[in-house]
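Values reported hereafter were calculated over all heavy atoms of this structure, with side chains retained and with hydrogens, waters and symmetry mates removed.
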Amino acid sequence: MTVPRASTPPGPTPGAPRRPRPSPGRFALGLLILVPPLLLALFGPLFAGDPGERSVSFTAGDGHWLGTDFVGRDVWRQVLLGGHSVVLVALSATLLSYVVALPIGLTAALTRRGWLEEVLMRPLDVLLAVPSLLLVLLVAAVYSPGTLGLVLLVALVNIPDAARMVRASAAEAASRPAVEALRMQGESWWRIAVGYVGRATRRTLVADAGVRLTGVLYLVATAAFLGVGVAPDAADWAVMVDRNRTGLFLQPWAVVVPALLIVGLSMGTNLLFDAALAPRADRRVRPRPPARRRPVRPRAGAPDAGHPVPAQRSTRPAQGEEKRR
């Protein structure tokens, strides 16, 4: 008696590659790195208190948690005051660059006039050929910009790259048949650009915004380190690194703490943006579980598969016997 084998439901191939599931640890790590410097930058000036009397340069103790800086000021108070300008300038410059780059990139991607695209994009290519820091230093050599001037300068050097990113990501969405259908229906440019193309490119632009914010933070810190846009004795993290580096081996906290806070801002921003974008992308490619097959029940009166019915002998006489009769 032969017993038929049960059919196994189809499953994933044993050697097939799988994407790792999004882990909440990446999000927690990004928050852990980003929150301390961000809180110090936003709310530190509220708890800075009075400056007090100055002490000896590059000394530790004597009521100073992190020692004193190159002119005898309390390092902890300078840390509380120094992040406000860095964060505000970086966020304002990044936001301003996208405010200008988004309409330029969307218009260049959706227009059918080649000359308009050339007029919008070619001047930006000229600015893109000049290194960002060199352009900031060239402008700062002509006149000394303040905080507002530094925001405008940093936004200006980031507009060409951001506009090209917007145009490249929007051009693929603008070539889809859905955009042609919206045009044939008479939809407005705003509805097509923002309602469809903008929504199709938002994930790419959010990822680019995280990377760009990190670059802007480094550019603002470098400009402040070189004395562009801030006073030589201003309470700024980058200025603290520059002015106190001469006493690095005497009093390292005046250099190490602000440098670590700048690195934490940039690294935490990148990790947080990556963790926010990863779950949805992994969820899309997750394979569905295979459907289970329902067992087929035999009908009433049907023979069992394991017990075949024996063949019955026919009662009709053979052809030769009929002729003999």
Side-chain angles (χ1 to χ4, degrees), residues 32-94 133 136-154 213-269:
L32 185 65
I33 297 176
L34 179 63
V35 166
L38 191 61
L39 289 179
L40 284 176
L42 296 179
F43 302 105
L46 301 177
F47 303 98
D50 298 329
E53 297 181 359
R54 296 190 179 186
S55 181
V56 183
S57 303
F58 298 129
T59 57
D62 198 17
H64 305 287
W65 293 2
L66 300 177
T68 57
D69 62 356
F70 70 107
V71 289
R73 295 174 299 187
D74 184 61
V75 172
W76 174 243
R77 184 176 183 275
Q78 296 298 108
V79 167
L80 292 177
L81 294 173
H84 196 69
S85 58
V86 175
V87 173
L88 287 185
V89 170
L91 289 176
S92 304
T94 306
L133 185 58
V136 170
L137 294 178
L138 286 176
V139 176
V142 179
Y143 76 101
S144 58
T147 304
L148 181 59
L150 185 60
V151 170
L152 295 177
L153 274 177
V154 175
L213 180 59
T214 304
V216 168
L217 277 170
Y218 277 118
L219 184 59
V220 170
T222 306
F225 181 83
L226 297 175
V228 177
V230 292
D233 57 344
D236 187 276
W237 289 345
V239 175
M240 290 178 64
V241 175
D242 177 35
R243 300 302 178 188
N244 296 312
R245 56 181 175 167
T246 55
L248 177 62
F249 297 101
L250 297 176
Q251 216 291 82
W253 299 117
V255 178
V256 172
V257 172
L260 287 179
L261 290 174
I262 294 174
V263 172
L265 273 177
S266 57
M267 187 184 299
T269 303

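- Rounded to the nearest 0.5 Å, atoms CG (Leu42) and CG (Leu88) are 7.0 Å apart.
- Residues Trp237 and Leu265 meet the side-chain proximity criterion, which asks for heavy atoms closer than 4.5 Å.
- Here the options are Val87, Val89, Thr94, the test is side-chain contact (heavy atoms from CB on, under 4.5 Å), and the partner is Leu91; only Val87 passes.
- For Asp69 (side chain) and Val75 (main-chain N/O), no donor-acceptor pair under 3.5 Å exists by modelled atom type.
- Shown here for Gln251 and Leu66, the closest heavy-atom pair between the two residues is NE2-O, 2.7 Å.
- The structure places NE2 of His84 at 11.5 Å from CG of Asp236, a figure rounded to the nearest 0.5 Å.
- Using a 4.5 Å heavy-atom threshold, the side chains of Val79 and Met240 count as touching.
- The shortest heavy-atom contact between Ala221 and Ile262 is CB-CD1, 4.1 Å.
- Leu40 CG to Phe47 CZ: the interatomic distance, rounded to the nearest 0.5 Å, is 10.5 Å.
- Under the 3.5 Å distance criterion, the side-chain polar atoms of Thr68 are matched with a main-chain donor or acceptor of Val56.
- A pairwise comparison of heavy atoms in Ala93 and Val154 identifies CB-CG1, 3.7 Å as the closest pair.
- Rounding to the nearest 0.5 Å gives a distance of 4.5 Å between CG of Leu80 and CH2 of Trp76.
- Residues Val71 and Arg54 have side chains in contact (heavy-atom distance under 4.5 Å, counting atoms from C-beta outward).
- For Ala259 against Val241, the heavy-atom pair with the smallest separation is N-CG2, 3.9 Å.
- Crowding of His64 atom NE2: a count of heavy atoms from other residues, nucleotides or ligands under 6.0 Å exceeding 12.
- Residues Ala223 and Val136 approach most closely at CB-CG1, 4.5 Å, considering heavy atoms.
- Atom CG of Leu260 sits about 8.5 Å away from atom CH2 of Trp253, to the nearest 0.5 Å.
- Between Leu226 and Leu133, the closest side-chain pair of non-hydrogen atoms falls below 4.5 Å.
- Taking each heavy atom of Ser85 and Ala235 in turn, the nearest pair found is OG-O, 4.4 Å.
- Residues Leu153 and Pro145 have side chains in contact (heavy-atom distance under 4.5 Å, counting atoms from C-beta outward).
- Residues Leu217 and Val86 have side chains in contact (heavy-atom distance under 4.5 Å, counting atoms from C-beta outward).
- When side chains are defined from C-beta on, Thr246 counts as touching Phe58, because their heavy atoms get closer than 4.5 Å.
- To the nearest 0.5 Å, atom CG of residue Leu34 and atom CG of residue Leu39 are 8.5 Å apart.
- A 4.5 Å side-chain heavy-atom check between Asp74 and Trp65 finds every atom pair outside the cut-off.
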